[in-house]
Amino acid sequence: MPTFPTEASAMDEVDYRQVADEVTGIQRKMADIRVVAESADGLVRVTVGARGELLGLLLDPRIYRNPDADALASTIAQTVRRAVRQAQEEVFVLVRRFLPADATPASTDLDFDPLLTALDRARGAVR
């Protein structure tokens, strides 16, 4: 069962407000992130959001000249993965100041690490 901070150990209101305001600002910026990636042959174009969610998929009609469903699926997947990596890098730049000095995009849980590090810093612990 989780334990909740007592009033004596709780982060003070100013620290909490500062962290909450900064996290809210980052959320707004993340909502605006859109990454577009195009396949090497230019026939597939994808758009993803900050969390890697697929927002758009455009297929050039020329894909029908070579009806290979497996190749098309592979091209789409590769293009989406490239866009997701780019989106993660953009998010990492946004939250970098909330992370430990040795954090990298590959080693960071972009959903929770920035918040946990900010909370640790606000209560005087080093993460």
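For reference, positions follow the sequence shown, starting with 1. Keep in mind that what you see is a predicted model, and the values were worked out from it rather than measured.
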Single-linkage hydrophobic cluster Val93~Val84, side-chain heavy atoms < 4.5 angstrom: no
Extract all donor-acceptor atom pairs below 3.5 Å that involve side chains of residues 19-32 and protein atoms in other chains or at least two apart in sequence.
residue, atom, partner, partner atom, Å
Glu22, OE1, Arg97, NH1, 2.7
Glu22, OE2, Gln18, NE2, 3.3
Thr24, OG1, Ala20, O, 2.8

Any side-chain heavy-atom pair of Leu55 and Val48 under 4.5 Å: no
Side-chain heavy-atom pair Leu59, Val44 within 4.5 angstrom cut-off: yes
Using atom types as modelled, flag every donor-acceptor pair under 3.5 Å from a side chain in residues 70-77 to any protein atom, sequence neighbours excluded.
residue, atom, partner, partner atom, Å
Ser74, OG, Gln78, NE2, 3.4
Thr75, OG1, Ala71, O, 3.0

Linked, directly or transitively: Val80 and Leu58 (ILVMFWY side chains, under 4.5 Å): no
With Arg51 via salt bridge (Lys or Arg N to Asp or Glu O under 4.0 Å) - residues at least two apart: Asp111
Min side-chain heavy-atom separation Thr79-Glu38 under 4.5 Å: no
Non-neighbouring partners of Asp60 that pass salt bridge (Lys or Arg N to Asp or Glu O under 4.0 Å), sequence neighbours left out: Arg62
Residues forming a side-chain hydrogen bond (donor to acceptor under 3.5 Å, both in side chains) with Ser39, sequence neighbours excluded: Asp41
Qualifying residues under side-chain hydrogen bond (donor to acceptor under 3.5 Å, both in side chains), relative to Arg96, sequence neighbours excluded: none
Heavy-atom neighbours of Arg45 CZ exceed 12 at 6.0 Å: no
Any Ile33 side-chain heavy atom under 4.5 Å of Val91 side chain: yes
Closest approach of Ala83 to Val46 (non-hydrogen atoms, all atoms of both residues): CB-CG2, 3.9 Å
